[in-house]
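A short write-up of the structure that comes next.
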There are 2 protein chains.
Amino acid sequence: MGPGRQLAPTEAAVLGLLAYGESSGYDLKRAVDRSVGYFWGPAKSRIYTVLPRLVELGYATRRDVVQRNRPNKQVYRITRAGRAAIREWLSEPSGPTPDRNPLLLKVFFGDQADPETVLEHVRARRAQAEQLKRELDELDRAACEGDDADYPALTRVYGREWAEAMIRWANHVERELTHSRTPKSSRK
Amino acid sequence: MGPGRQLAPTEAAVLGLLAYGESSGYDLKRAVDRSVGYFWGPAKSRIYTVLPRLVELGYATRRDVVQRNRPNKQVYRITRAGRAAIREWLSEPSGPTPDRNPLLLKVFFGDQADPETVLEHVRARRAQAEQLKRELDELDRAACEGDDADYPALTRVYGREWAEAMIRWANHVERELTHSRTPKSSRK
DNA sequence: ACCACCATGTAACAGGTTACATGATTAA
DNA sequence: TTAATCATGTAACCTGTTACATGGTGGT
């Protein structure tokens with residue numbers, strides 16, 4: 001038994017979903033897209049790579065399901081060790097923020113291009129944020145289960161908060177970069 | 001001359017900083033930390049790896065600087081092709097959002113641990129956000145140059161907006177998860 | 001006839017991290 | 001004497017991506 005090097009995020013995501021019931025790689029890919037997809041969206045190939053790994057580690061078992069009229073499946077089921085592994089992972093601190101924002105990099109060096117270029121990037125990102133809000137509304141409607149602590153709902157609230165911050169910022173950038181070519185430092 | 005496969009973010013960051021004047025890997029590491037560090041912070045080894053690459057691509061030149069009383073340097077200077085490469089990179093759309101938020105993953109699966117665990121993560125993140133705000137204030141004070149379009153300042157505004165969204169969200173989570181163990185769905 | 005969905009995987013590559021290795025000078 | 005700063009790099013590893021490969025079934 002692996003004494004326990006800790007879980008990578010995708011491993012944790014897959015294992016976490018597996019905790020709600022056994023499923024195949026194909027199923028998991030869809031489950032990911034419909035749940036954690038907007039803040040953790042691995043390629044399907046990654047899911048298929050991760051699953052045998054989890055079996056190796058003793059965190060899941062694999063079972064062959066024969067089907068007629070469609071391809072057979074490999075169905076995975078979480079083990080007790082697997083559940084322990086998630087709890088373990090959940091209790092470890094997640095490293096600092098995930099920095100890494102290529103858009104900001106482009107804005108930072110914006111003086112090496114013309115303002116229009118930067119504006120396009122920012123507007124595109126704002127459109128994405130608006131799209132995200134719509135998707136979150138969709139998810140809210142689809143979920144709508146709960147009373148007690150609804151954790152997925154909390155992540156949707158985050159998504160919305162993030163999207164709104166993004167939109168506010170985009171508007172700010174637009175104001176700064178368009179009409180007001182006047183020397184002005186309106187530090188908020 | 002490389003016809004141009006496009007720049008990776010770290011390459012762009014290094015090249016972008018090089019545009020303000022020649023410098024060594026060591027200098028660049030510090031420049032990164034003091035400028036784009038809070039949204040793009042590569043390890044120093046990455047910087048040292050990237051620099052010779054940029055020379056290979058014809059985007060920078062390297063020059064040996066002999067020093068007394070301290071180690072010699074390799075000093076890099078951006079070329080005309082290098083400047084063109086940044087403009088090129090700036091004009092390309094940056095892919096969607098960088099999803100990838102391990103903290104949210106932990107929150108999402110929060111029901112597989114106890115609420116206290118989740119709260120600790122969220123509080124830790126809020127503390128980081130508050131720290132970031134302080135650092136941004138610091139940077140604002142240090143910068144304070146400009147009239148005309150001040151791009152770095154725009155990225156700091158983003159940082160602040162992000163931090164504040166994070167703090168609001170953390171407070172929300174705290175309210176939801178602490179005293180109110182009551183079945184309630186206060187969809188904002 | 002064609003496309004979408006079901007279903008699984010491999011191979012090549014990219015982009016990054018940590019840890020290791022070295023060594024002089026200067027300030028406390 | 002001990003630690004920080006200056007200074008550069010390599011090696012091993014991890015996590016992830018895209019593109020490729022295959023093939024039956026069911027709806028339009």
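The structure displayed is predicted, hence computed values, not measured ones. The sequence lines fix the lettering, A, B, ..., with proteins before strands; numbering per chain opens at 1.
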| Trp40(A) side chain: which of dG16(D), dG9(C), dG23(C) is closest? | dG16(D)
| request: Before accepting this row, confirm whether a basic side-chain N of the pair Arg156(B)/Asp137(B) lies closer than 4.0 Å to the acidic partner's carboxylate O. | output: no
| message | Let's test your reading of the model: under 3.5 Å, does the base of dT8(C) pair with the side chain of Ser45(A) as donor and acceptor? | response | no
| Any side-chain N or O of Arg5(A) less than 4.0 Å from the OP1 or OP2 oxygen of dC13(D)? | no
| field | Presence of Arg46(B) side-chain N/O under 4.0 Å of dT10(D) phosphate oxygens OP1/OP2 | value | no
Identify each atom pair where a protein N or O and an N or O of nucleotides 25-27 of chain C are less than 3.5 Å apart, giving names and distance.
none

| message | Classify Arg30(A) by what it touches in the nucleic acid, base, sugar-phosphate, or nothing, heavy-atom distance under 4.0 Å. | response | sugar-phosphate
| message | Can you identify which nucleotide, out of dG9(D), dG16(C), dT10(C), has its nearest atom closest to the Thr49(A) side chain? | response | dT10(C)
| Between Arg53(A) and dC14(D), does any side-chain N or O lie under 4.0 Å from OP1 or OP2? | no
| field | Euclidean distance, atom CD of residue Gln6(B) to atom P of dA14(C) [Å, nearest integer] | value | 13 Å
| Side-chain donor-acceptor pair under 3.5 Å between Gln6(B) and Glu92(B), yes or no? | yes
| request: Indicate whether OP1 or OP2 belonging to dA7(D) is found under 4.0 Å from a side-chain N or O atom of Gln67(B). | output: yes
| remark: With five pairs defining each end axis, the helix from dA1(C)-dT28(D) to dA28(C)-dT1(D) comes out bent, to 10°, by 30°
| request: Search all heavy atoms of Tyr151(B) against all heavy atoms of Val107(A) and return the closest pair with its distance. | output: CB-O, 3.1 Å
| Residues Glu11(A) and Arg46(A) bridged, charged N to O under 4.0 Å | no
